[in-house]
Number of protein chains: 2
Amino acid sequence: MTGRTRLSWTDVRDEIRARILSRTYAPGDKLPRDEDIATELGCARTTVHRAMQDLSQIGLVERKRKGGTHVRTDPVTRATFDIPITRREVEQRGSKYDYQLISHAMEDSPMSVMTRFGIQQPAQMLHVRALHLADNRPYIFEDRWIDTRSTPGILDVDLKVESANEWLVRNKPYSRVDVRFYAMNAEGESARHLSTNVGSALLVIERTTWIGRDPITTVQAVAAPGYQLTALN
Amino acid sequence: MTGRTRLSWTDVRDEIRARILSRTYAPGDKLPRDEDIATELGCARTTVHRAMQDLSQIGLVERKRKGGTHVRTDPVTRATFDIPITRREVEQRGSKYDYQLISHAMEDSPMSVMTRFGIQQPAQMLHVRALHLADNRPYIFEDRWIDTRSTPGILDVDLKVESANEWLVRNKPYSRVDVRFYAMNAEGESARHLSTNVGSALLVIERTTWIGRDPITTVQAVAAPGYQLTALN
DNA sequence: GAGTGGTCTAGACCACCAG
DNA sequence: TGGTGGTCTAGACCACTCC
């Protein structure tokens with residue numbers, strides 16, 4: 001008459017994590033086999049597996065076939081960020097969103113863009129610069145290059161009305177993406193568009209996407225001063 | 001004699017993703033029930049579920065009980081970063097790692113630190129400032145506060161030898177972490193320690209950890225100019 | 001070679017929530 | 001309240017990799 005309800009995989013995960021936190025399983029230690037843990041806790045091996053999958057993804061343990069499961073000695077901090085469409089981001093802050101097209105023209109891709117795409121030869125691409133605003137204040141200044149060979153449809157879009165950002169997201173799924181963050185001093189142009197002083201420290205989100213091996217777009221999104229990226233959870 | 005080998009969940013995932021990329025399932029569309037997809041592709045429902053779990057985590061689809069599975073209309077870009085111990089990070093770049101303790105003292109936590117921890121009253125905490133070097137050049141300047149109530153052991157550590165970073169990671173697992181990135185202009189002190197000019201744009205990684213509800217540590221890690229954070233994959 | 005995690009299946013029941 | 005995703009089980013086989 002124990003009346004114990006069945007264990008869920010989150011229960012198992014929490015139990016294992018508690019043991020790691022309390023150093024019952026210390027860093028570097030080998031954990032029992034999934035099957036033994038299952039027997040001990042009274043559940044199916046699959047359930048332990050599901051729990052371990054989670055702990056492994058978080059970076060708390062490391063699993064290897066035959067090698068078993070070990071508590072990581074150098075637990076990395078793993079942080080996940082959602083980078084939404086700018087409009088959505090602004091609206092979710094409860095602010096009014098606006099968008100201004102600054103310029104767009106076909107140009108030869110400069111070296112920096114070729115590097116980001118990993119291509120050797122320059123190509124004619126659509127170069128778009130635009131400003132996103134929140135409550136009438138500059139929010140993000142974006143400098144974007146679009147490969148019109150993989151994305152000819154973009155040429156028919158009225159970029160004064162719809163941002164390239166949104167059109168691409170809705171019409172051009174990507175299969176690979178590279179994301180990086182860094183800091184940059186505002187120079188004349190970004191300072192002017194973001195209404196800040198030359199030299200201000202600005203956070204930059206650089207994103208490049210491909211479909212298969214073909215470049216789609218690369219964008220340098222420069223955020224206004226004070227912008228923070230916060231990890232999920 | 002089809003001789004088809006059994007479908008793995010990655011096969012299923014790739015098939016569904018291909019359909020989304022080719023707009024067989026367009027943004028906003030409702031996908032068939034897991035069971036129907038399983039029947040169509042010839043596998044167990046569990047396998048489809050595993051595939052969907054992955055697509056859902058990537059942010060490609062959205063799943064709801066009873067509501068079914070939908071292709072997301074505003075696909076977010078989801079990026080994951082590993083933030084390792086600085087020593088490990090430097091060594092993996094193939095550089096020589098060094099560490100210098102700059103100062104450590106018990107002090108009342110300032111307002112900014114109280115905010116990060118979400119506490120109302122100031123407390124005596126250990127304030128540690130240190131520099132991490134790669135190949136004898138400044139790499140990261142860290143300004144850290146440690147709550148000695150949750151972590152008394154830190155007081156016995158010789159911080160000249162072992163960085164607080166490493167000791168904490170090895171001896172004090174956390175149950176919750178907050179991570180954020182932003183840009184900052186170098187002021188007198190960080191400029192001096194990082195051997196750069198006042199005003200340089202620097203990337204800051206701010207990390208705060210708790211065990212249960214108790215604060216452990218909060219650190220502002222200021223990276224030298226040129227530092228980039230790159231997403232996994 | 002053999003031990004361990006990874007996956008697939010088939011079936012059952014549960015939990016949430018849109019209609 | 002019924003349909004759909006979420007999970008658990010038990011058993012089987014596979015695949016990697018350490019010994």
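Below, chain A is the first sequence line, B the second, and so on; all start at residue 1.
Protein atom CZ of A:Arg50 is 12 Å distant from nucleotide atom C1' of D:dC8, rounded to whole Å. As rounded to whole Å, 14 Å separates atom C1' of C:dT7 from atom CZ of B:Arg13. Rounded to an integer number of Å, the gap from B:Lys66 NZ to D:dT1 C1' is 8 Å. Nucleotide C:dT4 holds its C1' atom 13 Å from the CG atom of A:Leu31, rounded to whole Å. Across the protein-nucleic acid pair, A:Glu62 atom CD and D:dT17 atom P stand 12 Å apart, rounded to whole Å. Look at CD on B:Gln53: it is 7 Å from P on D:dT7, rounded to the nearest Å. Whole-Å rounding puts the B:Met52 CE to D:dT4 P distance at 13 Å. Rounded to a whole Å, the NZ atom of B:Lys30 is 11 Å from the C1' atom of C:dG19.
Comparing A:Gly42 and A:Arg65 along DNA chain D, the residue whose closest nucleotide (by nearest heavy atom) sits nearer the 5' end is A:Gly42. Along DNA chain D, the nucleotide closest to A:Trp9 and the one closest to B:Gly67 are compared, and the more 5′ of them pairs with B:Gly67.
Side-chain proximity of B:Arg45 to the nucleotides C:dA18, D:dG5, D:dA10 is greatest for D:dG5. The side chain of A:Ala44 lies closest to D:dA10 when the candidates are C:dA10, D:dA10, D:dG2. When each of D:dA10, D:dG5, D:dT17 is scored by its nearest atom to the side-chain atoms of B:Arg33, the top-ranked nucleotide is D:dG5.
In terms of phosphate contacts, A:Arg63 brings a side-chain nitrogen or oxygen within less than 4.0 Å of OP1 or OP2 of C:dG6. Regarding contacts with the backbone of D:dT7, every side-chain N or O of A:Thr47 stays at 4.0 angstrom or more from both OP1 and OP2. A close approach under 4.0 Å does not occur between any side-chain nitrogen or oxygen of B:Thr46 and OP1 or OP2 of D:dT7. Taking 4.0 angstrom as the limit, B:Thr69 places a side-chain polar atom (N or O) nearer than this to OP1 or OP2 of D:dG5. For the pair A:His49 and C:dG6, the criterion of a side-chain N or O lying under 4.0 Å from OP1 or OP2 is met.
A:Asp82 has no carboxylate O lying under 4.0 Å from a charged side-chain N of A:Arg88, or vice versa, which leaves the two without a salt bridge. Ion pairing between B:Glu40 and B:Arg19 holds under the 4.0 Å rule for side-chain N and carboxylate O.
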For this session: Evaluate the side chain to side chain donor-acceptor pair (under 3.5 Å) criterion for residues A:Ser95 and A:Tyr139: first the C-alpha distance (whole Å), next the side-chain angles of each, then the deciding distance (0.1 Å), finally the verdict.
Result: CA-CA 11 Å; A:Ser95 299; A:Tyr139 189 70; over 6 Å; no
Problem set entry | Audit row: A:Ser150, A:Asp147, side chain to side chain donor-acceptor pair (under 3.5 Å) steps and yes/no | CA-CA 6 Å; A:Ser150 65; A:Asp147 190 326; 4.6 Å; no
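Side-chain contact between A:His132 and A:Glu142: present, with at least one pair of heavy atoms (C-beta onward) separated by less than 4.5 Å.
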